[in-house]
Amino acid sequence: MNKPLYVLNGPNLNLLGTREPEIYGSATLSDVENMCRKRASEFNYEIDFRQSNHEGELVDWIQEAREKASGIIINAAAFTHTSVAIHDALKSVSVPKIEVHISNPATRESFRHTSFVAPASTSVVAGFGINSYDLAILGIVRILQAV
Ligand code: DQA
């Protein structure tokens, strides 16, 4: 049995569907979770899907993934642009790590152009709406199957 894929979501993503729908769309985080589970099951992976508004909790989960996960898909949301702690935690993990964004931060405000997650990640998927998560699962499975 494969270890699960951790899909970690940062601050305010619990509000997906009602928060700035013109940017993030009308699907909820639970819709995203269902989509991830469905896609991962095609490849015999389970999903451990979590959301937190707290930086330290995300750091704890990344550390946990060192032993317990096949890989990490992370939308660190606003912490993407601020968190050295999340960067350092990701650096400590040797499984594949995919940075995900619903929007494309590069086309938005300049404070979103810096990512502390990207330099600690294997790959980045952004700007496909919630389908970014789907593409990240397809991508991480390709990486895992190549190992
Ligand atoms: C986001 C982009 C971030 O800049 C923002 O802070 C978010 C969501 C995205 O998925 O597009 O909360 O990570």
Side-chain angles (χ1 to χ4, degrees), residues 1-20 23-25 27-105 108 111-147:
M1 189 62 192
N2 293 317
K3 292 181 186 174
L5 298 171
Y6 275 30
V7 181
L8 304 180
N9 296 280
N12 301 305
L13 289 169
N14 53 312
L15 301 179
L16 202 62
T18 56
R19 163 201 187 209
E20 299 184 271
I23 296 174
Y24 299 114
T28 65
L29 197 60
S30 140
D31 295 331
V32 174
E33 178 173 355
N34 290 336
M35 187 179 71
C36 289
R37 286 191 195 289
K38 195 168 164 210
R39 179 65 76 193
S41 71
E42 290 175 22
F43 305 99
N44 290 322
Y45 283 96
E46 292 194 343
I47 296 287
D48 200 324
F49 194 94
R50 306 183 193 178
Q51 187 276 331
S52 179
N53 292 327
H54 304 278
E55 185 176 14
E57 190 161 37
L58 290 160
V59 169
D60 287 344
W61 292 342
I62 294 165
Q63 290 187 11
E64 185 186 307
R66 285 160 55 97
E67 300 294 329
K68 296 198 173 156
S70 288
I72 301 175
I73 291 165
I74 181 163
N75 185 348
F79 291 142
T80 305
H81 316 299
T82 62
S83 180
V84 177
I86 288 176
H87 170 96
D88 286 349
L90 286 168
K91 283 287 230 184
S92 81
V93 178
S94 55
V95 293
K97 304 153 265 187
I98 315 295
E99 174 182 9
V100 165
H101 298 286
I102 297 165
S103 66
N104 180 359
R108 300 180 61 196
F111 62 83
R112 297 185 204 276
H113 296 178
T114 299
S115 171
F116 286 87
V117 173
S121 294
T122 315
S123 327
V124 180
V125 184
F128 292 93
I130 64 164
N131 289 319
S132 293
Y133 287 80
D134 195 36
L135 295 169
I137 288 179
L138 289 168
I140 205 167
V141 166
R142 288 283 177 99
I143 291 169
L144 290 166
Q145 286 175 341
V147 171

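This structure is a prediction, so every number in the text was calculated from the model and none was measured. The figures that follow rest on heavy atoms only: side chains count, while hydrogens, waters and symmetry mates do not.
Atom CZ of F43 has more than 12 heavy atoms from other residues, nucleotides or ligands within 6.0 Å. Applying the 6.0 Å contact sphere to CD of E67 captures no more than 12 heavy atoms from other residues, nucleotides or ligands.
Taking the side chain as every heavy atom from C-beta outward, I62 and I74 approach each other to under 4.5 Å. Counting only heavy atoms from C-beta outward, the side chains of E20 and L15 never approach each other to under 4.5 Å.
Between the S52 side chain and the L58 main chain, no donor and acceptor come within less than 3.5 Å of each other. Side-chain N or O atoms of T80 include one that pairs as donor or acceptor with a backbone N or O of A77 at under 3.5 Å.
S30 is linked by a side chain to side chain contact (heavy atoms under 4.5 Å, CB included) to T28, N34, counting only residues two or more places apart in sequence or in another chain. In this view, K68 and Y6, E64 satisfy the side chain to side chain contact (heavy atoms under 4.5 Å, CB included) rule, not counting sequence neighbours. In this structure E57 satisfies the salt bridge (Lys or Arg N to Asp or Glu O under 4.0 Å) test with no other residue, sequence neighbours excluded. Residues forming a side chain to side chain contact (heavy atoms under 4.5 Å, CB included) with N14 (at least two apart in sequence, or on another chain): Q51, N53. When the side chain to side chain donor-acceptor pair (under 3.5 Å) test is applied to S103, the partners found at least two apart in sequence or on another chain are R108. In this structure, the salt bridge (Lys or Arg N to Asp or Glu O under 4.0 Å) partners of E33, at least two apart in sequence or on a different chain, are R37. Residues forming a side chain to side chain contact (heavy atoms under 4.5 Å, CB included) with K3 (at least two apart in sequence, or on another chain): S70. Shown here are the side chain to side chain donor-acceptor pair (under 3.5 Å) partners of D48, two or more places apart in sequence or in another chain: R50.
Here the CD atom belonging to Q145 is positioned 11.5 Å from the CD1 atom belonging to I140, to the nearest 0.5 angstrom. The structure places CD1 of I98 at 10.5 Å from CD1 of I137, a figure rounded to the nearest 0.5 Å. Note that OH of Y24 and CG of L16 are 9.0 Å apart. Values are rounded to the nearest 0.5 Å. Rounded to the nearest 0.5 angstrom, F79 CZ and E55 CD are separated by 5.0 Å. Annotation: the span from I102 atom CD1 to F128 atom CZ amounts to 13.5 Å, rounded to 0.5 Å.
In the model, N9 has a side-chain atom that pairs as donor or acceptor with a side-chain atom of Y133 under 3.5 Å.
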Mind listing the side-chain donor-acceptor pairs of residues 86-93 below 3.5 Å, one per line with the distance, residues two or more places apart or on another chain?
| residue | atom | partner | partner atom | Å |
| --- | --- | --- | --- | --- |
| H87 | ND1 | F116 | O | 2.8 |
| S92 | OG | R66 | NH1 | 3.3 |
| S92 | OG | A89 | O | 2.7 |

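Between P11 and A76, the shortest heavy-atom contact is CD-O, 3.6 Å. Residues A69 and V95 come closest through the heavy atom pair O-CG1, 3.5 Å. Nearest heavy-atom pair, L5 versus A40, reported as atom, atom and distance to 0.1 Å: CD1-CB, 4.5 Å. In terms of heavy-atom proximity, N75 sits nearest to H101 at OD1-ND1, 3.6 Å. For L144 against P96, the heavy-atom pair with the smallest separation is CD2-CG, 3.8 Å. Taking each heavy atom of G127 and S132 in turn, the nearest pair found is N-OG, 3.7 Å.
Sorted by first and then second residue, the salt bridge (charged side-chain N to carboxylate O under 4.0 Å, His left out) pairs involving residues 111-120 (not counting sequence neighbours) are E109-R112. Within the structure, every pair that satisfies the side chain to side chain donor-acceptor pair (under 3.5 Å) test and touches residues 113-122, not counting sequence neighbours, is listed here: E99-S115. Applying the salt bridge (charged side-chain N to carboxylate O under 4.0 Å, His left out) test to residues at least two apart or on different chains, the pairs with a partner in residues 126-140 are R39-D134.
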